[in-house]
Amino acid sequence: MGHSMQVKVRANADAAEVRIFANPDVWLEASAVEQLHTTATLPHIRAAVGLPDLHPGRGYPVGAAFFSTGHFYPALVGGDIGCGMALWQTPLKTHQYSAQKLEKRIGSQEGALPEALQAGAYAELNGLLQEVSLPIDASLLASSLGTIGGGNHFAEVLALDHLYEAASALQLSAKTLYLLVHSGSRGLGGAILRAHVDAFGHRGLAANSPAAAAYLQQHDLAQQFAHCNRHWIAQRFLHSLRSEGECLLDVSHNHVLAATYQGQSGYLHRKGATPSDQGIVMVPGSRGDYSYLVRPVAERQEALCSLAHGAGRKWARADCEGRLSAKFHASDLRTTRFASSVVCNDKALLFEEAPQAYKKVDSVVATLVDAGLVELIARFKPVLTYKKGAPTCC
DNA sequence: ATGTCC
């Protein structure tokens with residue numbers, strides 16, 4: 001693994017610290033670095049960290065964490081409040097399931113949950129919805145519960161490929177399949193952000209204002225809904241495989257929360273940044289790359305207690321089809337170098353999410369290891385990546 | 001990211 005380079009690029013005029021973690025092998029877009037610095041100059045921001053998956057976003061970079069005092073920025077969290085990764089262990093024997101068999105069993109996982117799961121799912125949703133007023137119709141929440149969504153969201157069946165020394169404390173089976181779910185709060189987080197931006201724009205909210213309290217209440221509900229969504233996505237996949245599973249982790253990478261940094265109390269924003277203080281986490285590569293289960297080493301404040309949330313995009317979505325269509329037909333993108341299957345009925349998404357559009361996960365994970373942020377537990381390879389099935393209606 | 005913006 002390459003030599004680590006931790007770049008402390010510069011301090012801004014108002015003394016916000018800016019740090020980027022990236023070794024020389026990591027693809028790093030100049031525009032992403034610029035976004036990180038620009039965001040760091042916002043009033044009240046005290047520290048900004050770019051993780052090795054740093055890439056440009058809509059105004060604010062993704063793969064970054066920001067600490068502020070006195071005020072916080074809902075716009076910095078973005079629309080997919082609570083988006084995160086959940087990893088499940090299944091009892092299914094890897095050698096008994098080809099990608100083709102999995103694809104046949106899983107079929108389409110769009111639309112309403114299977115009837116067998118609905119009562120439990122809707123009871124949980126109703127429990128969440130008490131007493132918080134939301135800028136969205138509750139019926140939409142019910143219909144989106146248990147759905148993956150688009151963009152970079154997925155559900156993936158993985159096989160354990162390698163165990164590292166740090167695995168010894170965990171009871172990981174090398175012979176069974178795992179299920180990784182990456183999804184968020186669907187329409188809810190977006191509606192919360194939209195309502196907030198309509199009222200307040202992109203400026204920060206004073207920490208003790210009524211508007212801040214109202215936003216945080218909705219934000220916390222979106223976090224719970226996103227968690228609940230990943231749970232029921234996992235349940236519906238396991239149900240289709242006539243199986244069950246044990247949740248090993250469920251960690252959000254888009255949120256803002258009260259925190260302290262260098263003895264100051266304030267707010268920690270994570271925008272595509274995985275917490276390093278919530279136990280073991282998964283750093284997924286693209287659908288054509290490995291994913292790593294890692295243990296955060298210790299509380300590392302200079303990284304704002306954050307890690308890369310994945311490989312990170314290398315190419316903008318709009319560029320992918322143009323770059324790849326001369327060389328690859330859409331059907332070529334339905335299998336990977338691991339001979340894993342890709343279920344995706346959306347042609348544009350098939351190109352946008354191609355492995356070539358992502359950074360090499362080894363460069364990202366090597367940076368985290370070399371910077372002393374994590375130790376490796378296990379490496380997984382994809383067997384089937386589910387992006388989007390056939391439409392359920394029309 | 002998005003019951004996706006016209």
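Proteins come first, then strands; the chains are lettered A, B, ... in the order of their sequence lines, and each starts at number 1.
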Does the pair A/His71 and A/Tyr73 meet the rule for a ring-ring contact (aromatic ring centres under 6.0 Å, His included), with working shown?
CA-CA 7 Å; A/His71 290 65; A/Tyr73 293 85; 7.7 Å; no
A/Leu140 CG to B/dT4 P, straight-line distance once rounded to whole Å
10 Å
At 4.0 Å (heavy atoms only), tell me whether A/Arg317 reaches a base, stays on the sugar-phosphate, or touches nothing.
sugar-phosphate
Between A/Leu145 (CG) and B/dG3 (C1'), how many Å, whole number?
15 Å
Does the side chain of A/Val26 reach to within under 4.5 Å of the side chain of A/Lys359, using non-hydrogen atoms?
yes
Whole Å only: how far is the CG atom of A/Leu349 from the P atom of B/dT4?
15 Å
For atom CD1 of A/Ile192 and atom P of B/dG3, their distance in whole Å:
12 Å
Between C1' on B/dT2 and CG on A/Asp80, what's the gap in Å once rounded to a whole number?
9 Å
Tell me: NZ of A/Lys388 to C1' of B/dT4, nearest whole Å?
9 Å
Common cluster, A/Phe154/A/Val281, ILVMFWY with side-chain heavy-atom separation under 4.5 Å:
yes
Using whole Å, what does the distance between atom P of nucleotide B/dG3 and atom CG of A/Leu188 come to?
10 Å
Treating A/His55 as the side-chain partner and A/Gly312 as the backbone partner, does any N or O pair qualify as donor plus acceptor under 3.5 Å?
no
If you look at every strand shown and take non-hydrogen atoms under 4.0 Å, does A/Gly79 touch a base, only sugar-phosphate, or nothing?
nothing
May I have the distance from A/Leu193 (atom CG) to B/dT4 (atom P), rounded to whole angstrom?
17 Å
Looking at every strand, decide which applies to A/Gly190 at a 4.0 Å heavy-atom threshold: base, sugar-phosphate, or nothing.
nothing
Base, sugar-phosphate alone, or nothing: which one does A/Arg58 contact when heavy atoms must sit under 4.0 Å apart?
nothing
